[in-house]
Amino acid sequence: MSNAILRAEGVYSGYGRGDIISDVNISVDRASITTIIGPNGAGKSTFIKTVAGVVRRRAGRILIDGYDVSGMSPSDVSRHAVAYVPQERNIFRSLTVMENLEMGAWIEPRKFDSRVARVLDLFPALNALKVVRAGNLSGGQRQMVAFGMALMVEPKLLLLDEPSAGLSPVMVEQMFAVIQQVRESGIAIMMVEQNAIQALRVSDVGAVMSAGRVAMIGSASELLGDREVAELYLGTRT
Amino acid sequence: MAQVIVNGIVSAALIAPPAVAFSMLFGILRFPNFAIGGYITVGVFAAYAMNVPLALPFWVAALGATLAGAVIVWISDQIIFRPMRTSAPVTLLVVSIALTFVLEHSVRLIFGPDVKGFNLPLERPITLGQIHITRSQIHLIGTALFIIVFTHLLLTRTRTGRAMRAMADNPELAEVRGIRSTLIRVVATLYCGALLGLSGVSAGFDLAIEPLLGWSLTIPIIAAAILGGIGSVYGAMLGAVLVGLAEEFSTLILPSSYKIAVGFGIIAMLLLLRPQGLLGQPEIKK
Amino acid sequence: MILAQGLNLQWGITGMVNFGVAGFYAIGAYTGGILSTRVGLPPELAIVLAAAGAGVVGLIVSLLTMRLREDYFAIVTLGFGEIVRLLALNEDWLTEGPRGLKISVRPFDFGLTNASYALVYLGAVAFTILIIYVICERIRSSPYGRVLRAIREDDVVASVLGKNIVRFRVQVFAIGSIFMGLAGALFAHYVQNISPDTFMPMIAIFIWMSVIVGGYGNNRGLLLGAGIVMVILEGSRFLGDFVSFVNSQQLASIRIILIGCILMVVLRFKPRGLIPEPKFSSPFERTPD
Amino acid sequence: MDFSTSRRRILTGSAIAALGSTLSPRLLYANDAISIGSLTPNTGGGAPYGGNMAAAIRRTVDQINASGGVLNRQIKLTQEDGETNPETATRAADKLINVNQVIAILGTWASSVTLGIMPKCQSANIIQMCTSSSDDIPIRDTKGLCFNFQILNPVWGRALGKMAIDRGFKQFKLMALNNDFTRSILTGFEEAIGPGRLLEKPFYYNANQASYKAEVSRLLEGNPDAVFIPAYVTDFTSVYKDIYRAGYKGQVITVTFAASEPFKKAVGAAADGILHGFPIPPLDSPAYKQYLQEAGLQDNGQIQHPYGTACRDQISVLALAIEKAGTTEAEAVKRAIYDVSTGPGKKVVYNVLDGLKALRAGEKINYSGAGSAVEFDQNRQLIGRDIQLYQIRNGRDEIIATLKVR
């Protein structure tokens, strides 16, 4: 098989009337980072949700590691080692930190112990917070829980919807550092980010979505160097 | 005065377990299920049928009611609520009221409208100073406490229980993490049904057994659950105690014919002032 | 029927769920009855004032509760209806308590015989319904109505549009309450004897059935829905004329079971009613966002 | 719903009538038959009685029809459920009057229902027969069409109060179910015992509560000699359980239908000692014995079917009056009702068939019923009924005293 962990072929989806994304083709390589940028309402989040099975695909195919998961429910998609972290409501607020992590390993409870050790390694701050209700944590701590819970899946593909939203600049730095660390361990990441420049700097591939379609796709450095992209989406002037 | 408090606690013991069940069902099924009254009625009549016409011992009847409750809640969820799970909560609320009619009147069709009683003698109370309480009322309180603690352990100490809480908290995320909602739904409906069936036995014991019994308990139960905060087990217990006390104490101030309004009054005040309940978590604002 | 129109305006068009229909209905009936019989106002004036009174109460209730989630809102309004009923039951000095208020004067009375009086009354009521129907249709299709439906579809959309949601909702709720009060006053003067038992929450359920069966946000479907519900409610009485193997007591239970089942089946398989509202995607489908 | 009340009658009513006449051959000879309606409380507060009330009427009609009917015409009986709810009852009465074209409506029980349908019956000239006891009935019945087979509440309450004083109780507390019926019984009782014996102002409670403990605590405060609680059987069962469990040792007094068989079964031995009283059927009357037979009941010395018996009397008196009047026209039937039920010097009959036979033989009759002797005063109220005071002993009612009300 190819090196692609995710292949989306001609995907259409949306809510209610009309499609929000149409004919999206993207493929993500193993252990790579892909960032999707684009204006508000371009369908970035919808695409990620469609891959996770949260939004129903209307046409096209989604292959995870060669398996066709299109049309599967989110819980079935997650059984193909896909972990999706929504932008909001991405933790169980009334559960403790440890219980949240447990939910991450729901599918394979026997691997809980070994995985939890690795996650706590990655986020040592959580050690002291194990029995605290997640709803009582600070924003940055919550993001760690959300991220940690996703890693408990031991995913091959991690889908992140705006991982840096609402975090302080210092926290954003740390978050991207962690993302790179995660990639080192062999996990592919696809994320949607508003912090486009920072995100593209850690990414291998960048895609620009606009009006529900992929307007441009290329290596992250290419996109960073592209004048048009910079003016339209990165908010910088060269 | 002390007696009023005891009365309030006995009432609370009656409504706390079903309030817990209502709260859990609300969390998992995501709509206020008014059919709890119908389920309780089914429970009490199942117990009656076994205890009196079939002359089985009371504890067997109570067990049977628990089973009957579990089965009826599960079945009604399978054939009515689950297929409609994408409907708006209000539509489901209306359906649950229709279901109450169907259940209560089916019971009435089978057993007739007369009041009935279990095959248990009424007891005189034990008197401690100013306070009267009967042995079986103590049992009632004990059972309620046991149910609360048991439910709490179930929800915190078992994997399925934690998954139930996760689903009530954030169903989309639970699904994304691979928790199968269908399975959790089955467990939750069976367990809540068992609680409601058992509550029916307590209610039939304390009040008179008749088809509309469940309906008269519905409002205090919902008041207690909302007061405590949806999804919180201890909250439901606290809510039940407060509703019980409020109803008893209200008669010292208001004409007793307004007592029914107290439950509603509590619900309204609380929803307006603190919608998340006393022990509940505030909802996230988007 | 008027009740259903009022409710349709509130729920069908803005998505607000009022379970306190019986309460407004009772306020209208009692206000009308007390004003015409006790105070001695002309019954026609009493009916108008009763409608206005219900509107004012509706205004207050809605101002207090507007911020609630729809299912909580439903519970609060249900409680409101019960409290009104208890007031009617217990405040004897005003309402004659459980023995019921009798209304000795009749509106539109020109010394007619009973049969023709019924027809005149029917005519007057039909005329009122026509007017209300026209008003509802107007509201529905006006820009105002479109905003209302936008509110129903999505709170966020409406607020992005910069409309003042709360104000609109309160207004609509009050108008709906006026209709319910009007219905109550007309009813009271028709039966000439009202008691608190008349205003059990059951009424809300029947009206709800009309709205739901007919399809909501749709004034024409509503007429059909009310017709169907009445046929079911009243028609099931005729069951006894044909089925003789059950006694009338069992029959009564069977009727209610039947009504409950029909309601459930309609909601299950035709969640948008028999005549769905045209050109709108179903808001019953929750977007999985 | 308002509109529906009137519109439904015309639209739905006629639509269904049209449908009905194509489906049911019975409606085709409706012109020939005498149409009579019953509106019994099959559900709601009166549910424990509605069933046997409806059945008693049905049985008697069947008897009459089997023996050739009245005026050589069959009786077509239409039975409706009033749900002990005036609103439903009004709609049902509408249907009976306009669709079934009944000449009389029998079997209303709650005063609110009897009074609720009264405006409709008055305007359509329909005879009403009821077992309701609100003192408003004769006042609102301006056309003189409503015959009451029950004595009025305050009369009954006063009798019980008097009997309670006779038994030597000094201090009372009173509490009633919040309903016209039970409240006016309480008022009569209160009058009879006088303010000096009352520890606290009487108060009311609502049915369908999750708990009655607060009310019971208040009732028992001050430990009165006796408490009087006019109520319905369902709520009385709950209330009594709490009284017992609160350890009250004084005397509980109530009305018999609250302490009925289902109550005794539900609370078991704890029911012993309760005093209760009731206007009773004449237990030794042949009519009452015949009723038991018709209903397939054993004579166990207890009061059975207190309202079923009255319903037998209602339909019997009505049939006899129609036969006597020779027409179904309301004015004539109204006068004939007195003729066949009231007054001395006539042949006493105990059932409708004997009565019809006697009338056809040209005799003057006085129907004496299973529920009462059926003697009316000029207000169409019963002149009197016996009231009996019972005490529950070993799960059975034992007669303590009997009071003739006059």
I'd like to know whether CD of Gln298(D) has more than 12 heavy-atom contacts from other residues, nucleotides or ligands below 6.0 angstrom. no
Checking side-chain contact (heavy atoms from CB on, under 4.5 Å) for the pair Lys213(D)/Glu248(B): CA distance, chi angles, key distance, verdict? CA-CA 7 Å; Lys213(D) 293 185 177 66; Glu248(B) 300 298 317; 3.7 Å; yes
Contact class of [X] relative to chain B, heavy atoms under 4.5 angstrom:
{"X": "Ala271(D)", "answer": "neither"}
{"X": "Thr234(D)", "answer": "both"}
{"X": "Phe203(D)", "answer": "side chain"}
{"X": "Phe236(D)", "answer": "neither"}

When heavy-atom pairs shorter than 4.5 Å are enumerated against chain B, which of [options] gives the highest number?
{"options": "Tyr248(D), Phe263(D), Tyr240(D)", "value": "Tyr248(D)"}
{"options": "Gly247(D), Ala270(D), Ser217(D)", "value": "Gly247(D)"}
{"options": "Tyr244(D), Tyr205(D), Tyr204(D)", "value": "Tyr244(D)"}

Pairing donors with acceptors under 3.5 angstrom, does anything connect the side chains of Glu210(B) and Thr237(D)? no
Does a donor on one side chain and an acceptor on the other come within less than 3.5 Å for Asn7(B) and Ser211(D)?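 Short answer, no.
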Can you tell which part of Val10(B) gets under 4.5 Å to a heavy atom of chain D, answering side chain, backbone, both or neither?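 Answer is side chain: those atoms of Val10(B) sit under 4.5 Å from chain D.
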NE2 (His132(B)) and CG (Asp242(D)) are apart, to the nearest 0.5 Å, by 12.5 Å
Distance, nearest 0.5 Å, that separates OG of Ser216(B) from CG of Asp235(D): 10.5 Å
Who among [options] has the most heavy-atom pairs with chain D under 4.5 Å?
{"options": "Leu213(B), Asp206(B), Thr218(B)", "result": "Asp206(B)"}
{"options": "Gly117(B), Gly112(B), Pro121(B), Pro125(B)", "result": "Pro125(B)"}
{"options": "Glu123(B), Lys116(B), His105(B)", "result": "Glu123(B)"}

Nearest atoms (heavy-atom pairs only) where Lys241(D) meets Gly204(B):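 What the structure gives for the nearest pair is NZ-O, 3.1 Å.
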How close do Ala210(D) and Leu14(B) get, heavy atom to heavy atom, and via which atoms? O-CD2, 4.0 Å
Any Tyr212(D) side-chain heavy atom under 4.5 Å of Leu207(B) side chain: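 Heavy-atom side-chain distance check passes, below 4.5 Å.
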Are Arg245(D) and Phe205(B) in a cation-pi contact, defined as NZ or CZ under 6.0 Å from the six-membered ring centre and within 45° of the axis?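 So Arg245(D) does make the cation-pi contact.
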